[in-house]
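The shown structure was predicted, so the numbers you read here are calculated from the model rather than taken from an experiment. In this chain, residues are counted from 1 in sequence order.
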Amino acid sequence: MKNRGQWAAVLGIVAALVTALLVGVAMSPEVMPVAVGTDAPDFRAAHLGRTDTVALKDYRGEVVLFNIWATWCGPCEFEMPSMERLYQELGPHGLKILALSVDQAAPEHVLEWVRERNLTFDILHDRSGRAEAAYQVTGYPESFVINRDGIIVKKVIGPLEWDHPSQKALFRQLLGIEDSQVGIGGS
């Protein structure tokens with residue numbers, strides 16, 4: 001008899017947990033994958049070098065390379081020079097690069113790291129992890145190419161040579177510029 005009472009208590013607890021889980025899932029917003037062809041999730045983060053915050057929606061109508069990185073990430077550091085070269089070439093034609101640091105370090109530390117590498121594109125900082133969660137980041141760096149309509153057209157996990165001719169061709173196409181406007185192969 002004593003065992004029967006214990007089993008009833010255990011089953012009651014399990015039933016309560018399953019019910020709570022089902023109610024929680026039913027009440028939570030639907031989780032959609034962040035993938036090519038989907039709307040880029042909006043987020044807000046501190047803009048380093050300025051005293052304000054920005055949201056992705058502030059860049060609506062622009063072609064954006066959105067990169068999620070950290071100062072302690074070797075592959076992130078590897079790809080940053082190619083991002084700077086891409087920005088130097090196509091920034092004047094409208095390309096925006098948003099590099100979001102997820103470092104827990106102070107903003108000054110991130111900004112010093114950026115200055116040491118002479119990076120001139122927009123650097124954002126989000127210690128809260130909200131943007132990282134919204135983009136369902138699985139590793140660093142992780143990058144998203146976003147068209148003028150706010151749709152993700154390319155997703156890259158890991159480092160990439162962003163100024164490679166094939167990458168530049170994609171950005172030129174999205175920006176609506178001809179090779180003759182930037183010079184074939186560069187500048």
Side-chain angles (χ1 to χ4, degrees), residues 29 31-36 38-157 159-160 162-163 167-168 170-172 174-177:
V31 176
M32 299 299 293
V34 178
V36 171
T38 63
D39 288 331
D42 195 26
F43 64 87
R44 183 162 287 285
H47 188 294
L48 298 184
R50 296 188 341 204
T51 58
D52 62 346
T53 62
V54 296
L56 181 63
K57 68 181 179 183
D58 298 338
Y59 293 84
R60 189 68 180 241
E62 306 283 355
V63 174
V64 176
L65 170 55
F66 175 50
N67 176 265
I68 302 172
W69 66 285
T71 59
W72 46 261
C73 165
C76 301
E77 184 168 13
F78 169 80
E79 79 175 349
M80 287 288 182
S82 70
M83 290 170 57
E84 180 62 28
R85 291 187 301 268
L86 177 70
Y87 183 67
Q88 290 300 315
E89 182 175 333
L90 297 180
H93 298 278
L95 176 64
K96 303 296 182 193
I97 295 181
L98 303 179
L100 177 84
S101 167
V102 295
D103 282 86
Q104 291 301 306
E108 297 78 22
H109 169 76
V110 176
L111 202 50
E112 179 182 331
W113 190 96
V114 167
R115 287 182 180 142
E116 287 173 359
R117 286 151 186 84
N118 299 311
L119 303 176
T120 61
F121 45 81
D122 290 347
I123 303 295
L124 309 179
H125 192 208
D126 178 28
R127 290 194 272 186
S128 74
R130 284 189 290 269
E132 186 179 4
Y135 278 81
Q136 303 165 6
V137 172
T138 59
Y140 307 103
E142 197 156 319
S143 301
F144 303 84
V145 178
I146 303 167
N147 71 14
R148 295 180 192 278
D149 296 322
I151 305 297
I152 297 170
V153 298
K154 182 174 185 142
K155 177 179 177 177
V156 177
I157 299 172
L160 190 67
W162 286 103
D163 63 338
Q167 303 309 319
K168 290 193 286 188
L170 169 64
F171 287 108
R172 285 194 300 267
L174 292 170
L175 290 165
I177 56 177

Open item on the list: For a side chain to side chain contact (heavy atoms under 4.5 Å, CB included) check, start with the C-alpha distance between V64 and F144, then their side-chain angles and the critical distance, and finish with the verdict.
Closed with: CA-CA 8 Å; V64 176; F144 303 84; over 6 Å; no
Open item on the list: As a quick check of understanding, evaluate side chain to side chain contact (heavy atoms under 4.5 Å, CB included) for L119 and W113, giving each step before the final call.
Closed with: CA-CA 9 Å; L119 303 176; W113 190 96; 4.1 Å; yes
- [ ] May I have the step-by-step check of side chain to side chain contact (heavy atoms under 4.5 Å, CB included) for W69 and I123, ending in yes or no?
- [x] CA-CA 10 Å; W69 66 285; I123 303 295; 4.1 Å; yes
TODO: Kindly indicate, with the supporting measurements, whether the criterion side chain to side chain contact (heavy atoms under 4.5 Å, CB included) is fulfilled by I177 and L90.
DONE: CA-CA 10 Å; I177 56 177; L90 297 180; 3.8 Å; yes
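For the pairing with L98, the side chain to side chain contact (heavy atoms under 4.5 Å, CB included) check across V54, N67, D122 returns one residue only, D122. Just one residue in the list V153, I152, L175 forms a side chain to side chain contact (heavy atoms under 4.5 Å, CB included) with N147, and that residue is V153. W162 pairs with exactly one of E84, E79, Q167 by the side-chain hydrogen bond (donor to acceptor under 3.5 Å, both in side chains) rule, that one being E79.
With D42 contributing its side chain and K57 its backbone, the two residues share a donor-acceptor pair below 3.5 Å. In this structure, E132 contributes its side chain and V137 its backbone to no donor-acceptor pair below 3.5 Å. At least one donor-acceptor pair under 3.5 Å links the side chain of R60 to the backbone N or O of D149. Side chain of D163 to main chain of R85: no donor-acceptor pair is present (N/O by atom type, distance under 3.5 Å, no hydrogens or angles). A donor-acceptor contact shorter than 3.5 Å links the side chain of Q104 to the backbone of R127.
Contact check for K168 versus L86: side-chain heavy atoms found under the 4.5 Å cut-off. You'll find the side chain of Y135 stays beyond 4.5 Å of the side chain of E142, heavy atoms only. Within the 4.5 Å cutoff, the side chain of S143 has no heavy atoms near those of the L160 side chain. Residues L48 and V114 fail the side-chain proximity criterion, which asks for heavy atoms closer than 4.5 Å. Within the 4.5 Å cutoff, side-chain heavy atoms of I97 are placed close to those of L95. The shortest distance between side-chain heavy atoms of M80 and R117 does not fall below 4.5 Å.
Applying the 6.0 Å contact sphere to CZ of R130 captures no more than 12 heavy atoms from other residues, nucleotides or ligands.
Of the inter-residue distances, the one linking L65 atom CG with Y87 atom OH reads 11.5 Å to the nearest 0.5 angstrom.
Under the 30°/60° scheme for interplanar angles, the aromatic rings of Y140 and W72 are found to stand perpendicular.
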